[in-house]
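Not measured: the values here are computed from a predicted model.
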Amino acid sequence: MQHTQPERDIYIAVYGQVGEEHSLETNQLLASCDYIGRYQTPAQFALYQYKQKPVVIRGGNQALDVKIYAVNLAELKQMDSYFRYPTVHDRIRCDISGFGSAWLYVMCEGYAALAGVYESPLKQEKSRQESTVSA
């Protein structure tokens with residue numbers, strides 16, 4: 001009997017973790033996933049720093065440069081565990097310009113407020129648009 005890998009028909013948008021030293025766990029989780037490409041979210045988020053990692057909150061005016069990966073259900077559950085969904089992060093559907101819809105992890109507002117995340121905004125990098133943050 002031949003063992004086949006489950007289909008990867010779930011898409012996730014990842015900001016700031018992949019390729020960054022501070023998030024080896026995310027790199028390991030995504031190492032076997034299918035990389036689709038780089039895209040940009042709508043300008044409806046705010047980027048903050050929490051424990052040396054970037055986190056995203058809904059309701060801002062920043063667009064995010066994201067990397068899209070195709071994952072299967074088991075890999076999505078591993079990502080949920082890493083992001084501590086739904087306690088610390090929420091997983092929302094986000095329309096990605098030029099791609100379509102993908103899951104995006106955003107920090108829960110209540111958790112962010114309790115943890116003091118709003119006190120540590122990340123500095124925006126200069127880019128082609130003032131509202132764009134390259135994470």
Side-chain angles (χ1 to χ4, degrees):
M1 180 175 204
Q2 186 178 20
H3 177 70
T4 60
Q5 184 169 350
E7 283 190 46
R8 290 191 166 131
D9 57 358
I10 302 167
Y11 298 100
I12 60 169
V14 181
Y15 53 88
Q17 287 89 359
V18 181
E20 306 251 343
E21 286 181 33
H22 64 263
S23 191
L24 295 175
E25 302 94 44
T26 305
N27 289 326
Q28 291 169 355
L29 287 171
L30 294 171
S32 64
C33 299
D34 296 330
Y35 174 71
I36 305 299
R38 289 189 87 124
Y39 295 89
Q40 194 170 74
T41 69
Q44 59 190 27
F45 300 101
L47 191 61
Y48 290 87
Q49 183 171 329
Y50 178 64
K51 294 185 177 181
Q52 307 302 317
K53 295 180 184 180
V55 295
V56 169
I57 307 292
R58 285 184 266 200
N61 62 358
Q62 296 173 307
L64 304 171
D65 287 332
V66 295
K67 295 178 182 176
I68 304 292
Y69 287 85
V71 300
N72 61 38
L73 188 55
E75 292 161 337
L76 181 66
K77 290 195 179 294
Q78 288 179 324
M79 293 298 291
D80 284 350
S81 177
Y82 173 77
F83 281 102
R84 297 184 358 210
Y85 166 78
T87 307
V88 176
H89 288 86
D90 195 7
R91 180 170 29 95
I92 63 169
R93 296 297 283 174
C94 182
D95 290 325
I96 307 294
S97 179
F99 175 76
S101 182
W103 290 110
L104 177 71
Y105 290 94
V106 295
M107 186 168 271
C108 297
E109 291 178 31
Y111 186 89
L114 288 172
V117 170
Y118 296 113
E119 299 166 13
S120 301
L122 281 178
K123 294 179 182 174
Q124 291 190 11
E125 296 179 12
K126 299 291 182 195
S127 66
R128 59 189 177 275
Q129 293 178 344
E130 285 299 318
S131 66
T132 301
V133 174
S134 179

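In this structure, CG in Leu73 is found 9.0 Å from CG in Asp9, a value given to the nearest 0.5 Å. Annotation: the span from Ile68 atom CD1 to Tyr35 atom OH amounts to 9.0 Å, rounded to 0.5 Å. The structure places CZ of Phe45 at 6.0 Å from CG of Leu64, a figure rounded to the nearest 0.5 Å. Taking CZ of Arg8 as the reference point, atom OG of Ser32 lies at 5.0 Å (rounded to 0.5 Å).
A donor-acceptor pair under 3.5 Å links the side-chain atoms of His89 to the main chain of Phe83, judged by distance alone. Of the possible donor and acceptor atoms, one in the side chain of Gln62 sits under 3.5 Å from a partner among the backbone N and O of Leu47.
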Candidate pair Lys67 and Leu30, rule side-chain contact (heavy atoms from CB on, under 4.5 Å), full reasoning: CA-CA 11 Å; Lys67 295 178 182 176; Leu30 294 171; over 6 Å; no

Stepwise side-chain contact (heavy atoms from CB on, under 4.5 Å) test for Met79 and Arg91: CA-CA 10 Å; Met79 293 298 291; Arg91 180 170 29 95; over 6 Å; no

Cys108 and Arg84: CA distance, side-chain angles, deciding distance, side-chain contact (heavy atoms from CB on, under 4.5 Å) verdict: CA-CA 10 Å; Cys108 297; Arg84 297 184 358 210; over 6 Å; no

Step-by-step side-chain contact (heavy atoms from CB on, under 4.5 Å) determination, Val14 to Val66: CA-CA 5 Å; Val14 181; Val66 295; over 6 Å; no

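The pair Arg38-Asp65 fails the salt-bridge criterion, with no side-chain N (NZ, NE, NH1 or NH2) lying under 4.0 Å from an Asp/Glu carboxylate O.
Grouping Ile, Leu, Val, Met, Phe, Trp and Tyr residues whose side-chain heavy atoms lie under 4.5 Å apart, directly or via other members, places Tyr48 in a hydrophobic cluster with Tyr50, Val55, Ile57, Val88, Met107, Tyr111, Val117, Tyr118.
Residues meeting the side-chain hydrogen bond (donor to acceptor under 3.5 Å, both in side chains) test with Tyr85, sequence neighbours left out: none.
The only member of Asp34, Val71, Ile36 that meets side chain to side chain contact (heavy atoms under 4.5 Å, CB included) when paired with Tyr11 is Ile36.
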Report, one line per pair, each donor and acceptor closer than 3.5 Å where one atom sits in a side chain of residues 97-104; sequence neighbours left out.
| from | atom 1 | to | atom 2 | distance (Å) |
| --- | --- | --- | --- | --- |
| Ser101 | OG | Arg93 | NE | 3.2 |
| Ser101 | OG | Arg93 | NH2 | 3.1 |

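In plain terms, the two heavy atoms of Ala70 and Glu75 that are nearest each other are O-OE1, 4.5 Å.
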